[in-house]
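The basis for the numbers below is simple: all heavy atoms, side chains too, and nothing from hydrogens, waters or symmetry mates. Numbering starts at 1 and runs along the sequence shown.
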Amino acid sequence: MALALSLNVERHWTEDREKTLIAFFSKHSCLWNHKSKGYKNQTLRWQTLEHLRILLCAQPPPATLTEHNCLWNMKSENHNNRQLRQQLFETLKDQLSDNSVSFSVGMPLPPLLVLYGSQTGTAQDSAQRIARQAHRRHLHVRVLPLDDYDVANLITETLVVFVCSTTGQGDPPDNMKNFWRFLFKKSLPVGSLSLLDFAVLGLGDSSYPKFNFVAKKLHKRLLQLGANILLPVGLADDQHDLGSDAVIDPWLSSFWAKVNILHPSLLDVRPLRDDEPLPPTFTFHFLYGDEVEVKTEERRLHPVEPSVPFPARMLFNRRVTEKSHFQDVRLFEFDIAQSNIAFTAGDVVMMRPCNAAEDVEQFCQLLRVEPEASFTLQATNNCTVPARLPQPCTVRHLVETYLDISAVPRRSFFELLSTVATNELEREKLLEFSSAAGQDELHSYCNRPRRTALEVLADFPHTTAELKMDYLLDLFPEIQPRSFSIASSLQAHPRRLQILVAVVKYKTKMFKPRRGLCSSWLASMDPEQGDVFVPLWVKKGSLRFPTEKETPVVMVGPGTGVAPFRSAIQERIAQGKMANVLFFGCRSESKDFYFRSEWEELKTAGLLRLFTAFSRDQEEKSYVQHRVRDNAELLWDLITHKNACFYIAGNAKQMPSSVCDALREVFQQQGRLSAEQAEQMLVTMERTGRLQNETWS
C-alpha cells in the first residue's frame, strides 16, 4: 500500500549535510553494488530511502526519485543500470541544494517483524498483541518465535520488535536459544545490523535475581552490532500491582509514536477502530458423514506431528504428607524402560496437562457445540496449522488437550471478546477491561480471585453465544508444558523417573477452590485402577554439579525444593562422592518431612550431613536460613578451604534472598570481611558457577 505525499520544503545545503549524505550512501552501499545480496532487494531500497528521508530533515524524498522509479522496479530494463543510478544521486544532490524543493512520491508502509522468545506463553501473547495493533494500522506484519526465524536475514530487516522473557538463572527461553547462540558469536562484524531499527520488550518478575536479564543483554548486543534503537528497552514486571501491562501500555504508545515519526506515511492511514474485529487466524471447516471417515483415513496415512513425547506408564502416585496436613504432596514414579530417555542430576521433566472432563463439557455447552463434532483447520494467512492438532480433529480433543480454558485470561482475551459482543452491557464491561484505564478493575475481577477463562465465558453468556468457532485459537492460548525437577537418579532407580509435586489447591473469593491444572491432572490418575500413561520428555536443567570427587556440595532445599537435590545425592553417592551437605526445611517433622528415612539412613552411613528446620514445631519459627547461620564455621571452611559449591532450590518469594543474606553474614563473621567484600565474594561464586539457584514462583 502506498500513499501520495506532496509538500513544499525549504532546504539549505550545507557542508555537514553533504558529508552526512555521502556517509549515508557509503553505509548502505550494498544497495548500489551489483555484487551485493541487497542489490536486488526492491523493498529494502525503498526502506533505505525512507531512512534517507528521515536523515534529510524528516521530509519525503524529492520528485527525482519518482521520476527515476525505473531503478526501483525490478521488472524495468533500467533496474540494473548502475550509470543511471549514479546520475540519479548527482541530480539528487543538486536538487537538495536548492532553497525550495517540491516533493511528490508514493511510499509503501513499512513491514514489521515481531520476534519472540517465550517459555510460558506470556511473551508470545504480547508479541501477538503488537501484531494486532500493526494489523489495525494496515501494516504487513510477521510474528515468529526467534528460533523459527532465519537469523541470517536479520541484516536485511529494517523494523523489528523483540519480545522476550527470562528463564532459570538469566537463561533465554527454549524457543530462542539457537538465535541467542548465533547472535553472540564473536565473529559477527560490528555494524552488520546498521539497517535495523529495533525495540526490545522484556517480560520478567522482579522477585527473581536475574530480572529481565535476557531483554537487557539482547538490547545491548543489538546496539553493539550497529542496530538503531527506537526507544529504551521495556522492562515489564509481573510483580507490579497491575501486572506487566503497567509497563507494556506506555511502552507500546511510545513505540508507535516513534514509528509514526520515522514513517509519516502511517499518519495518512485510517487505522481500524479497537472495536472492529480482525479476521481470525484460522477457519473451522466442520465435517459430516462420509467426509469424516475420508479425512480420518488421510490423517492415518499422513500423521501431522513428526515427534511425540514418550508415553511413560505411571507406576505409582503416592501421597508423602500426612493426611491431616493441609498440603497434599505426591511422589510419582514413571517407567521409561522402553524409551531412550537419559538424564542427570539437575535435569527437568516436561509434560503437558489436559483440561478436566467437566470443564470440557461445560465449555461445549456454553458455546453450544457438539464435543464429538469433527473439523479441519485452514489458515487465513501465511501461518501454519498447529502441529499438535490432528487433521481432522474433534472439538473434544481441541478443548481437552490444546485450549488453555482453565488459565486466568490475559487482557487480550477481553480485547477480542469486546469486538464480537453485541449485548450493550457486556460489551461496555469488556471494553472497560480491555482499556488501559480499566486494568485495576480487570485485576480485581480476574487476577486477584484467579478467575478462569471458562468462568469468564459463563459471566458473559450473550457474547459467548455469539462467539464463532473460528476465533477460538486467537482467543485461547495453547496449554503450555509444565516442568518438574527430577527427584531421582538413574543410578539408584534404573529405567525409572520420579517427581515430587505439590498439588495446587487454594481458596479465593470464588465459590470453587482454585486448582493447578497440571498437579491436579496428575493427582487424579490412579495406576492401581489400570494402566495410566503420561506423555513426557526431559531437558537439561539450570543446575550443574561438580565432576570432581573431592568437591563438597552444599544444598539448601526446603519443601519440594529438595527434589533436584535428592537426584544429585543419589547420583553423587553412586559415583563415590561423599562430601554432601543438605539443609532441609518444612513445617513439621511429623507431617511434611519428605524422604526422612532416606536422609537418616544416609546420615548414619556417613554419606550425608543433614541440617533441618521445622518452622511450626516450636513457638519461634525456624527456617533454613537460620540453620545456615548456625553452621557458619562449617560453611566457611567448606567454601574457602575446600572449594565447595552452594545450591539453592525452592520458592522464589523470600527464601533464596534470605539464604543469600545468611551466607553474606557467614562471610563477614567467619572471614572478618566488610559488607562490600562479602557481597563481592558472593558475586564471584555466582559468576564462577559455585553458587547456583533454581527457584520458582
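Arg313 meets the salt bridge (charged side-chain N to carboxylate O under 4.0 Å, His left out) test with Asp335; sequence neighbours excluded. Legend: residues meeting side chain to side chain contact (heavy atoms under 4.5 Å, CB included) with Arg544, ordered by chain and number and at least two apart, are Lys540, Gln692. In terms of the ring-ring contact (aromatic ring centres under 6.0 Å, His included) criterion, residue partners of Trp180 (sequence neighbours excluded) are, by chain and number, Phe184. With sequence neighbours left out, Asp526 forms a salt bridge (charged side-chain N to carboxylate O under 4.0 Å, His left out) with no residue at all. For Tyr445, the side-chain hydrogen bond (donor to acceptor under 3.5 Å, both in side chains) partners are Asp459, not counting sequence neighbours. Qualifying side chain to side chain contact (heavy atoms under 4.5 Å, CB included) partners for Arg319, counting only residues two or more places apart in sequence or in other chains: Thr321, His325, Asp328, Arg330. Not counting sequence neighbours, the partners of Phe198 by the ring-ring contact (aromatic ring centres under 6.0 Å, His included) test are His219. Among residues two or more places apart in sequence or in another chain, the ring-ring contact (aromatic ring centres under 6.0 Å, His included) test is passed with Phe413 by Phe476. For Phe484, there are no ring-ring contact (aromatic ring centres under 6.0 Å, His included) partners at least two apart in sequence or on another chain. Among residues two or more places apart in sequence or in another chain, the side chain to side chain contact (heavy atoms under 4.5 Å, CB included) test is passed with Pro145 by Tyr116, Asp148, Asn175. With sequence neighbours excluded, the residues that form a salt bridge (charged side-chain N to carboxylate O under 4.0 Å, His left out) with Asp245 are Arg129, Arg411.
Within 6.0 Å of CD on Glu370 lie more than 12 heavy atoms contributed by other residues, nucleotides or ligands. Phe511 CZ: 12 or fewer foreign heavy atoms inside a 6.0 Å radius. The environment of CD in Glu276 is crowded: more than 12 heavy-atom neighbours from other residues, nucleotides or ligands sit within 6.0 Å. Heavy atoms from other residues, nucleotides or ligands lying under 6.0 Å from NZ of Lys507 number more than 12. Residue Lys505 places its NZ atom among 12 or fewer non-hydrogen atoms of other residues, nucleotides or ligands, all under 6.0 Å distant.
Remark: side-chain polar atoms of Asn317 are paired, donor with acceptor, to backbone N or O of Ala523 under 3.5 angstrom. Looking at Thr508, its side chain does come within 3.5 Å of a backbone N or O of Pro449 through a donor-acceptor pair. No donor-acceptor pair closer than 3.5 Å links the side chain of Gln570 to the backbone N or O of Ala492. For the pair Thr380 (side chain) and Thr281 (backbone), a donor-acceptor distance under 3.5 Å is present. Between the side chain of Ser434 and the backbone N or O of Phe414 there is at least one donor-acceptor pair closer than 3.5 Å. At distances below 3.5 Å, not a single donor-acceptor pair connects side-chain atoms of Asp404 with backbone N or O atoms of Pro477. Looking at Gln327, its side chain does come within 3.5 Å of a backbone N or O of Val503 through a donor-acceptor pair. In this structure, Glu571 contributes its side chain and Ala345 its backbone to a donor-acceptor pair below 3.5 Å.
In this structure, a donor-acceptor pair under 3.5 Å is absent between the side chains of Gln119 and Thr167. Counting only N and O atoms by type, the side chains of Ser126 and Arg410 include no donor and acceptor under 3.5 Å apart.
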Side chain to side chain contact (heavy atoms under 4.5 Å, CB included) evaluation trace for Ile479 with Leu517: CA-CA 10 Å; Ile479 294 175; Leu517 178 61; 4.3 Å; yes

Leu278 and Thr419: CA distance, side-chain angles, deciding distance, side chain to side chain contact (heavy atoms under 4.5 Å, CB included) verdict: CA-CA 8 Å; Leu278 293 168; Thr419 66; over 6 Å; no

Evaluation steps, salt bridge (Lys or Arg N to Asp or Glu O under 4.0 Å), between Glu426 and Lys429: CA-CA 5 Å; Glu426 290 186 5; Lys429 198 64 182 176; over 6 Å; no

Criterion side chain to side chain contact (heavy atoms under 4.5 Å, CB included) on Leu377 and Gln391, from CA distance to verdict: CA-CA 7 Å; Leu377 283 176; Gln391 294 275 62; 3.7 Å; yes

Working for side chain to side chain contact (heavy atoms under 4.5 Å, CB included), residues Val534 and Trp521: CA-CA 10 Å; Val534 175; Trp521 174 68; 3.8 Å; yes

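For residues 510-519, the pairs satisfying side-chain hydrogen bond (donor to acceptor under 3.5 Å, both in side chains) are Glu455-Arg514, with sequence neighbours left out.
Minimum heavy-atom separation, Phe284 to Asp470: N-OD1, 2.8 Å. The two residues Ala342 and Leu490 make their nearest non-hydrogen contact at CA-CD1, 4.1 Å. Residues His443 and Gly243 approach most closely at CE1-N, 3.6 Å, considering heavy atoms. When every heavy atom of Ser485 is checked against every heavy atom of Ile499, the shortest pair comes out as O-CG2, 3.9 Å. Counting all heavy atoms, side chain and backbone alike, Ala236 lies closest to Leu203 at CB-CD2, 3.6 Å. Taking each heavy atom of Met351 and Trp537 in turn, the nearest pair found is CA-CZ3, 4.3 Å.
Distance check: Arg496 CZ to Ser488 OG gives 10.5 Å after rounding to the nearest 0.5 Å. Within the model, atoms CG of Leu403 and CG of Asn355 stand 8.0 Å from one another, a figure rounded to the nearest 0.5 Å. A distance of 12.5 Å separates OH in Tyr471 from CD in Glu466, rounded to the nearest 0.5 Å. Within the model, atoms CZ of Arg352 and CD of Glu478 stand 4.5 Å from one another, a figure rounded to the nearest 0.5 Å. Here the straight-line distance linking atom CZ of Arg482 with atom OG1 of Thr120 works out to 9.0 Å at 0.5 Å rounding. Going from atom CG of Asp347 over to atom CD1 of Ile486 covers 5.5 Å, rounded to the nearest 0.5 Å.
In this structure, Pro390 and His397 have side chains that are in contact, with non-hydrogen atoms separated by less than 4.5 Å. Residues Phe433 and Ser418 fail the side-chain proximity criterion, which asks for heavy atoms closer than 4.5 Å. Side-chain contact check for Gln362 versus Ile405: every heavy-atom pair is 4.5 Å or farther apart.
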